[in-house]
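Below is one structure, written out as structure tokens; the observations come after it.
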Amino acid sequence: MRVGVCSSGGHLSTIRLRDVAGAGRHHEALDLFRHALCHSEPFLSISSILPSAILSAAALSLSPAAAQLHSLALKSGLLPADPFVLTALLSAYSRLRLLPLACRLFDDVPSSAAPTSAFNALISGHALAPVSSPAVLALFCRMRREAVPFDDVTLLALLPAAPPAAIPPLHGVAFRAALASVSSVSNCLLSCYSRVGAVDFARQLFDEMPDHRKDRISWNAMISCYAQNGLAHQVLDLFDTMEHSASVEPDAVTLIGVLSSCAYLGARSIGRKIENYISQKPSFDSNTHLKNALISLHVRCGDLARARKIFDEMPHRTIVSWTAMIAGYGMHGHGEEALRLFDKMIEAGIRPDGIAMVSVLSACSHGGMADKGMWYFSSMKTLYGVVPSREHYACVVDLLGRAGQLKEAWELIESMPVEPDGPIWGALLGACKIHKNVELAELAFEHVIELEPTNVGYYVLLSNIYSDAGRLDGVARVRAIMRQRGLKKGPGCSYVDHKGKVHLFMADDHSHPQAKNIYEMVLRLEAMVTNDSEIYGNKRKENLPLTGFHSEKLAIAFGLLNTEAGAEIVVIKNLRVCEDCHQFMKMVSQVVPLLLQMRLWSGHMKLGQRFLWKPVLSVPHTVVDVQKLDVVFLEIDSLLEHIYTKYVSEVLRHQVFRMRNVDLLLYYYNLTDSAA
DNA sequence: GTAGGGTTAG
């Protein structure tokens with residue numbers, strides 16, 4: 001179609017060009033521009049269409065075209081005086097990562113003539129650059145020195161690039177300029193406080209925003225703030241408030257924040273509810289970020305098959321999708337599958353970054369593939385240009401350490417080109433726990449404690465190493481240091497997601513409304529598993545106490561009391577499971593499926609309650625030949641014992657996991673960590 | 001007409 005055929009053609013093509021470029025149809029915009037030039041339309045001023053064309057060239061990464069338009073602007077005498085052309089060029093060079101060209105152009109502008117918009121474009125250009133803070137602040141200072149007025153856009157470009165210490169003063173500047181109450185600026189400030197971990201400030205800002213100024217982005221920013229600072233419960237609470245009281249609808253960004261918190265907490269039922277909601281909105285279907293969040297949700301909740309299905313069905317995968325899936329396999333001990341997927345990623349032409357390599361190395365580590373891991377570590381720089389960071393070193397120390405190569409792990413730390421950090425020495429300390437090396441543990445501990453003196457986990461780890469070695473003097477010494485430094489062991493906790501609510505348990509914690517029944521159930525289960533288990537049996541012989549009411553036991557008991565037969569119970573922990581609890585869970589997960597199939601555990605049991613045994617009703621013959629159980633009335637405890645000793649130990653040991661009646665899964669650190 | 005805010009993986 002011809003452009004500008006009528007007498008008002010210049011005007012028409014200006015509007016069309018702007019619309020077309022604004023709609024992202026940049027090729028078409030450039031064609032229109034060329035067309036308008038060639039036909040030298042009457043009344044067309046080039047200055048009105050040049051800015052759009054320049055930005056379209058930048059959007060298409062066409063540096064030569066941008067340079068041509070630059071010289072055209074010079075020839076037409078539009079530079080440096082025309083503020084629109086100047087600003088568009090500065091912005092284009094910024095986006096094309098040609099900052100030096102932008103700076104040179106800016107230098108030609110007489111300082112009194114530089115408009116706010118030009119400063120804004122240059123500041124956001126510097127903010128895009130990898131190392132930006134000093135230049136960005138310097139530009140803002142120059143603006144103020146030269147009395148160029150700044151506006152909300154200036155602050156929006158400046159704030160995200162400013163160093164943490166500059167945030168409060170800039171907040172003050174914004175406040176005095178009456179810009180802090182502009183929604184976009186307050187949202188931006190909120191995110192800045194979030195980024196530096198000042199969650200309380202962020203929340204205060206959020207609460208102080210009047211309702212009519214709180215838009216969807218404000219809610220999203222606050223939800224993301226909690227999510228990124230690990231406050232997953234607060235995310236779910238705020239999302240609940242948003243759904244019930246706010247006048248804004250959640251969008252994909254909201255759901256990404258919520259899903260990541262569900263993944264963090266293992267709040268599967270909320271996660272699935274959201275997944276269901278997403279599936280009903282066709283507009284979300286193509287959102288890659290959202291799919292990535294869903295993959296991560298299922299991975300963290302242990303449903304690798306579901307995660308993989310989403311991954312396989314994605315029309316467009318980013319490196320994030322691949323990394324989430326690879327990390328998922330690694331996390332659950334499927335090292336081979338993780339590496340297969342990594343190979344496929346390479347085949348798909350995606351170049352791994354540092355984070356992808358972390359997931360590969362950790363997959364090797366958790367999958368017991370030390371040699372493969374070392375190969376990836378030594379070749380990642382030459383093959384993919386990824387320079388090993390401290391995090392990679394921590395993975396490799398972990399990898400060597402788990403494989404029992406403690407000396408090699410220590411030597412690697414000694415030979416690192418950068419100073420080792422806490423997690424690296426911590427990985428060595430963890431390896432010393434597995435392989436019971438007290439001497440090296442003491443050395444690693446000294447280093448790690450110097451770097452992270454308040455990280456209680458390391459004290460506990462060393463104390464456990466001493467304890468395993470029977471060195472009670474060591475245990476006492478560590479405890480003394482902790483007391484002296486005022487450190488307390490952080491509470492370990494376990495969660496179970498039940499009907500959309502996260503039930504949190506801590507050791508010996510009676511706060512749950514069902515506490516009484518839960519404790520009874522734990523005792524019952526303990527009595528049951530102590531009979532046959534070697535570990536428990538030995539403990540009993542040695543007269544050692546059982547571990548007690550650890551949070552995972554309470555969580556399991558809660559799960560058993562509140563789910564129907566056939567339900568899956570997933571327990572999520574914040575710390576690594578202890579050996580005793582791990583054994584306990586393995587035993588329970590063998591016994592309980594059988595009991596559930598017999599429907600004896602429906603609802604809340606009472607100690608000593610008698611149950612009517614109706615074998616014909618629900619026991620599958622394939623699993624248990626009920627005729628052999630000549631039991632009619634039986635105290636529940638002895639019934640459990642009876643069934644357990646008679647069948648589980650003989651018949652079901654290898655079948656139980658196929659029944660999938662109840663799987664007790666333990667995630668966070670994968671179950672195989674302490675399994676032999 | 002120009003500049004600009006919230007997003008996922010370890």
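Every chain is numbered from 1 and lettered A, B, ... according to where its sequence line falls, protein lines coming before strand lines.
Evaluation of the ring pair (Phe, Tyr, Trp, His ring centres under 6.0 Å) rule for A:H26 yields no partner, not counting sequence neighbours. For A:Y384, the ring pair (Phe, Tyr, Trp, His ring centres under 6.0 Å) partners are A:F342, not counting sequence neighbours. Every residue two or more places apart in sequence or in another chain that forms a side-chain contact (heavy atoms from CB on, under 4.5 Å) with A:T154 is listed here: A:T116, A:N120, A:I123, A:F140, A:M143, A:F150, A:D151. Not counting sequence neighbours, the partners of A:L55 by the side-chain contact (heavy atoms from CB on, under 4.5 Å) test are A:A88, A:S91, A:R95. Under the rule for a side-chain contact (heavy atoms from CB on, under 4.5 Å), the partners of A:F84 that lie at least two apart in sequence or sit in another chain are A:P51, A:D82.
Distance from the side chain of A:L156 is smallest to B:dG4 among B:dG4, B:dT7, B:dA3. Candidate nucleotides B:dA9, B:dT7, B:dG1 were compared by shortest atom distance to the side chain of A:F84, and B:dG1 ranks first. Between B:dT7, B:dA3, B:dG5, one nucleotide has an atom nearer to the side chain of A:Q228 than all others, and that is B:dT7. Ranking B:dA3, B:dG10, B:dT7 by closeness to the A:S124 side chain, first place goes to B:dA3. Residue A:S117 places its side chain closer to B:dA3 than to any other of B:dG4, B:dA9, B:dA3. Of the candidate nucleotides B:dA9, B:dT8, B:dG10, B:dT8 has the atom nearest to the side chain of A:I256.
The OH-P distance, from A:Y226 to B:dT7, rounds to 16 Å in whole Å. Counting to the nearest Å, the P atom of B:dA9 and the NZ atom of A:K291 are 17 Å from each other. For A:M209 and B:dG5, the CE to P distance is 16 Å, given to the nearest whole Å. Going from atom CE of A:M325 over to atom C1' of B:dT8 covers 15 Å, rounded to whole Å. Between A:N120 atom CG and B:dG1 atom C1' the separation is 15 Å, expressed in whole Å. We find that CG of A:L69 is positioned 20 Å from P of B:dG1, with the value rounded to whole Å. Going from atom CG of A:L159 over to atom P of B:dG6 covers 10 Å, rounded to whole Å. In this entry the distance linking NZ of A:K214 with P of B:dG6 reads 19 Å, nearest Å.
No salt bridge links A:D251 with A:K281; every basic N to acidic carboxylate O contact stays at or beyond 4.0 Å. Classification of A:R306 and A:E275 as a salt-bridged pair holds, one side-chain N sitting under 4.0 Å from a carboxylate O.
Backbone-only engagement by A:L55 is indicated by non-hydrogen atom pairs under 4.0 Å involving sugar-phosphate atoms exclusively. A:D151 comes within 4.0 angstrom of a base, heavy atoms only.
Residue A:D215 places no side-chain atom within donor-acceptor reach of the base of B:dG6, judged by atom type and a 3.5 Å distance cut-off alone.
Shown for residues 86-103 of chain A: residues whose heavy atoms fall under 4.0 angstrom of DNA chain B, namely A:T87, A:S91, A:R95.
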